[in-house]
Amino acid sequence: MARSKQKVHSEVLIEVCCQNFEGVWFGVACNQEEIVSTSFGASEKKTLTSILASIPFDVPFQVSYEPSAFAESVLDSLKKIFVGRKPDNTFCFDYAPLPAYTQKVLKATAQIPIGYVTSYGSIAKAVGGGARAVGNIMASNRFAPIVPCHRVVKSDFTLGGYGGGLKTKVELLNREKKGFFDSMQVQVEGGFLTVFPTEYVLRNLGS
DNA sequence: TGCAAACCATAAC
DNA sequence: GTTATGGTTTGCA
């Protein structure tokens with residue numbers, strides 16, 4: 001029986017998991033070895049809703065309460081990032097559904113090291129395009145906080161915005177500060193991105 | 001400082 | 001196609 005020409009979606013069943021860690025809900029959607037989306041928030045419902053929003057209607061998914069080894073390792077990394085530590089693993093993301101420019105911006109954002117921030121305009125300068133467009137992409141970042149959009153601020157080192165709330169953004173940055181003094185350049189697709197010590201932002205908040 | 005105008009990719013009609 | 005929408009930036013008073 002020839003079935004090979006049929007589109008069999010069941011082969012890409014997406015696994016969705018949520019876990020609570022110290023009062024915060026972390027969620028992941030993944031297919032085998034790729035992250036489809038991640039999220040975190042104060043309630044399970046909100047976290048789950050934001051995860052599900054990034055799964056296309058015609059793709060089946062399954063909410064699992066017993067995460068696969070891969071999902072478990074992603075959740076583990078989410079928690080580590082949340083407390084300001086470096087995750088053990090690097091992951092592949094399912095960038096395919098996203099527009100090319102969005103992919104470029106997210107990949108550049110992913111290059112910002114712990115202890116550093118950059119600005120919307122700096123990313124725009126590195127990969128092309130404009131700061132507002134970068135801001136829009138941050139706002140709809142489906143890989144937070146693994147793609148660290150909390151490390152992107154305004155050019156005057158004030159906070160800008162954050163989907164999870166500015167309070168959360170400050171908390172994350174506070175845990176990530178390393179006491180660096182100098183800015184530096186990191187290589188990204190399309191050029192070099194200037195990053196600045198997290199302290200530049202934090203010392204702005206006091207006054 | 002504060003305001004206005006320019007900027008720019010997306011998503012939604 | 002066209003328009004609306006921002007997690008911005010910059011210049012000018």
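Within every chain, numbering begins at 1; the chains are lettered A, B, ... in the order of the sequence lines, protein sequences first and strands thereafter. It should be emphasised that the depicted structure is a prediction, and the values quoted were computed from it without experimental measurement.
A:Tyr120 comes within 4.0 angstrom of a nucleotide base, judged by non-hydrogen atoms across all strands. Within 4.0 Å (heavy atoms only), A:Val152 reaches at least one base atom of the nucleic acid. Using a 4.0 Å heavy-atom distance criterion, A:Gly130 is classed as a sugar-phosphate-only contact.
Within the shown strands, nothing qualifies as a pairing partner of B:dC7 under the Watson-Crick or G-U definition with both distances less than 3.5 Å. Using the Watson-Crick or G-U wobble rule with both distances under 3.5 Å, C:dG7 pairs with nothing in any strand shown.
Side chains of A:Ser50 and A:Ser39: a donor on one and an acceptor on the other come within 3.5 Å.
As rounded to whole Å, 19 Å separates atom P of B:dA9 from atom CG of A:Asn141. Note: CG (A:Leu173) to C1' (C:dG7) measures 13 Å, nearest angstrom. In this structure, A:Lys154 atom NZ and B:dC7 atom C1' are separated by 15 Å, rounded to whole Å. If you take CZ of A:Phe143 and P of C:dG7, they are 19 Å apart, rounded to a whole angstrom. Atom NZ in A:Lys125 sits about 15 Å away from atom C1' in B:dC7, given to the nearest Å. Note: CG (A:Asn136) to C1' (B:dA12) measures 13 Å, nearest angstrom. Following rounding to the nearest Å, A:Arg132 (CZ) and C:dT8 (C1') show an atom-to-atom distance of 6 Å. Rounded to whole Å, atom P of B:dA9 lies 15 Å from atom CG of A:Leu106.
Comparing C:dG7, B:dA6, B:dA9 against the side chain of A:Tyr101 picks out B:dA9 as the nearest.
In the interface, the side chain of A:Tyr162 is not paired with the base of C:dG7 through any donor and acceptor atom under 3.5 Å apart.
Contact annotation: A:Ser155 side-chain N/O to C:dT8 OP1/OP2 distance is not under 4.0 Å. Of the side-chain N and O atoms in A:Thr102, none sit less than 4.0 angstrom from OP1 or OP2 of B:dA9. Residue A:Ser119 places none of its side-chain N or O atoms closer than 4.0 Å to OP1 or OP2 of C:dT8.
Ring geometry for A:Phe26 versus A:Phe82: interplanar angle over 60°, hence perpendicular rather than tilted (30 to 60°). Classification of the A:Phe143-A:Tyr95 ring pair by plane angle, with boundaries at 30° and 60°, yields perpendicular.
Look at A:Arg151 and A:Glu176 and you find a salt bridge, because one of the NZ, NE, NH1 or NH2 atoms lies within 4.0 Å of a carboxylate O, short of that distance.
With A:Tyr120 as the aromatic partner, A:Lys154 does not meet the cation-pi criteria of under 6.0 angstrom to the ring centre and within 45 degrees of the ring axis.
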